[in-house]
2 protein chains.
Amino acid sequence: MDHGSSVRVTIDDVARAAGVSRQTVSRAMNDKGDISEATRRKVLATIEELDYRPSAFARGMRTQKAGTLALIIPDITNPFFPAVARGAFDAAAARGLGVVVHNTDADPAAEAEASRRIVDDGVAGAIAFFEEVDDGAVTALGRRVPLVVADRHSPDPTVASVRSDFATGTRTAIAHLRDRGHVELGMLDGAVHGKPERRRAFLEALGDDGDRVVTAPATVAGGTAGLRELLARHPGTTAVFAFNDLLAIGAVRALKAAGRRVPGEVAVVGYDDIPMAALVDPPLTTVHTDKYELGRTLVEVLGRRLDGHPAEHRTLAPRLVVRGTS
Amino acid sequence: MDHGSSVRVTIDDVARAAGVSRQTVSRAMNDKGDISEATRRKVLATIEELDYRPSAFARGMRTQKAGTLALIIPDITNPFFPAVARGAFDAAAARGLGVVVHNTDADPAAEAEASRRIVDDGVAGAIAFFEEVDDGAVTALGRRVPLVVADRHSPDPTVASVRSDFATGTRTAIAHLRDRGHVELGMLDGAVHGKPERRRAFLEALGDDGDRVVTAPATVAGGTAGLRELLARHPGTTAVFAFNDLLAIGAVRALKAAGRRVPGEVAVVGYDDIPMAALVDPPLTTVHTDKYELGRTLVEVLGRRLDGHPAEHRTLAPRLVVRGTS
DNA sequence: AAGGTTCCCGTGAACGTTATCGTTAGCTGG
DNA sequence: CCAGCTAACGATAACGTTCACGGGAACCTT
């Protein structure tokens, strides 16, 4: 009921106690110049003694920047994202930044709403997994706040990016399947926009017309349905490459239900290496992307941007993890 | 580079454009009284027209409360929490609130640091999954900011709580196992503090001395190790109840590796019903807790608290989901 | 008709910080 | 010895909002 009843220790209290002006206190804690080493230490000591904490509001009011950054993701429930978020949390905490998460369900309207909130809240910077193919929105947000986009490139040179190299990841998976002797390959593509690399690399490697690619919702249920469709089109299919692990797991389930042995009769390889992948039976062969590292790198790149460096563009290398489905 | 170069539309601009004072504008947007319906509509219209957004900083400066709430969890990577977070995100978004997430790894020092940040950032309220058994810290935080704790009760009457009824959940699971004819039961308890209900209910139902309970880290690896220990102590064990699904999945793996059929020779039931539970082979029988609903309820309770209502204490009922391991 | 409400609305002040500019003392160089 | 510089610090003014007042008009009440 009486929240906030205790009086706040302000910068003036510190100034008074240290026998200096509040401006000097400000200089001491913000590592600005124009202050002698002696007084700075004294000020810092009294700050410690009084347990003074600067008001984030008052500070943000002047600087228009908060000590927090925004993370826009489609769905924290999608097993790909918790690890990404964790990497981002840890790296942000190390920098003394908080992270406010926005779920969008890959809905453009929700993405716009999140962007709106972000500029309103005056966060220090933003990290975004955007679905919206229209670059206008991205550029608009990038103009208002330092921005790093994941798995996507922005035409705006001030928007940094970190992406996983899907093309070579896909090629590695297909090469692996060919090494195992498979010739009739099929693909389960995820029904998501803006991520054509996997499908493109697949078609490129096969010189195919696309009839061997079926698109389905990127879920387990989508995987079982998609696999049936694929088998209906090409009964001789002997190996399946999936857009992500959820689809792959669904495919394996459908295969087992149909009485086909995995990997004896049909091999399956997924993408992402979510935690579940190692625990299903048989454990899933998949292209591993380091999600924690992705999250970490995203805030690292954002941090460098906040420190005044130019926008970087980094690429993370995936690697194949061979388990029991191939 | 030139972030924030565009000039801000302030409340004074709106006031000028609408031909009223800024106080009237404030009244219009905050649904305060003392304003006629006519002028309020006019003000709202000009707000819309000028695309005015109140400064969160300036507002927070006066009210000491931001439009954001904090969510303290041990680990977003633990499959239990993404769904909780999602429920919290959705409910918060519906209320126009942002959510800043703090990962603690159940480390008291990290929990203290998160609490520190929370009061510093002046969030509107906080939701916490605390590990710290010492109630002093919880009460201290609760005194500074409206607080709702999950799966735990606070002695402080101003701290609200939402908990899953672990005791009856556990009893239901054990009754199910007994119905199946099992008599030699064992339990895999998680090595976490502050959650004795499951173990207690288990021991209570058995009238046992605790020798049939082995404690292990609440992970898959902990489950396999714990099960071996359990079998070493009581080779005749025919049914295992686990603290959570991770432990249960680990147990099933160990069982299969040891050549024991599940559920033919040994039955296993987990707790939580994480997404993985339905996908392992055989699919896991488990006590389902509605994690999304938990997250949703947590912010609902917090919201009512913010609206001035007294602290509530709610309990969510779990239910048994029988699948393939029992 | 005088006093009392109620309904609207505006004026000043305050929240706690940082930016800008000014001031002082001490030092340098010619 | 004085102009000019620099280092260290302080005073004032913002940043944009809400709170505590106060006051005028209209509408009752007796």
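In what follows, every chain begins at residue 1, and chains take the letters A, B, ... in the order their sequences are listed. Here the structure is a predicted model, which is why all the values come from computation and not from measurement.
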Look at the side-chain N and O atoms of [X] and state whether any lies under 4.0 Å from the OP1 or OP2 oxygen of [N].
X	N	result
A:Ser26	C:dT18	yes
A:Thr63	D:dC15	no
A:Ser55	C:dC15	no
B:Thr24	C:dC9	no
A:Ser21	D:dG10	yes

Has the side chain of [X] got a donor or acceptor atom sitting under 3.5 Å from an opposite partner on the base of [N]?
X	N	value
B:Gln23	D:dC19	yes
A:Arg62	D:dG16	no
B:Arg53	D:dG16	no

Side chain to side chain, [X] and [Y], heavy atoms closer than 4.5 Å:
X	Y	result
A:Leu316	A:Arg163	no
B:Val301	B:Arg304	no
B:Ile11	B:Ser26	yes
A:His102	A:Leu71	no

Problem set entry | Residue met sooner reading DNA chain C from 5', once B:Arg22 and B:Gly19 are mapped to nucleotides | B:Gly19
Protein-nucleotide distance ([X], atom [atom1]; [N], atom [atom2]), rounded to Å:
X	N	atom1	atom2	result
A:Lys32	C:dT20	NZ	C1'	12 Å
B:Ile47	D:dG16	CD1	C1'	14 Å
B:Arg41	C:dC9	CZ	P	13 Å
B:Asp12	C:dG12	CG	C1'	13 Å
B:Arg40	C:dC8	CZ	P	11 Å
A:Lys65	C:dT18	NZ	P	15 Å
A:Asn30	C:dT20	CG	C1'	16 Å
B:Arg59	C:dT17	CZ	P	21 Å

Among [options], the nucleotide that comes nearest once only the side chain of [X] is considered:
X	options	result
B:Thr39	C:dC9, D:dT17, D:dC9	C:dC9
B:Arg8	D:dC9, C:dA13, D:dG16	D:dG16
B:Ile35	C:dC9, C:dT18, D:dT18	C:dC9
B:Met61	C:dC9, C:dG16, D:dT17	C:dG16
A:Ile11	C:dT17, D:dT18, C:dC9	C:dT17
B:Val20	C:dG10, C:dT18, D:dT18	C:dG10
B:Gln64	D:dT18, C:dC15, C:dT17	C:dC15
A:Arg27	D:dT17, C:dT17, D:dC9	D:dC9

Exercise. When the ring planes of B:Phe129 and B:Phe80 are compared, do they come out parallel, tilted or perpendicular, using 30° and 60° as the limits?
Worked result: perpendicular
For this session: Verify salt bridge (charged side-chain N to carboxylate O under 4.0 Å, His left out) between B:Asp105 and A:Arg86, making sure each step is shown before the conclusion.
Result: CA-CA 11 Å; B:Asp105 277 322; A:Arg86 183 59 204 266; 2.6 Å; yes
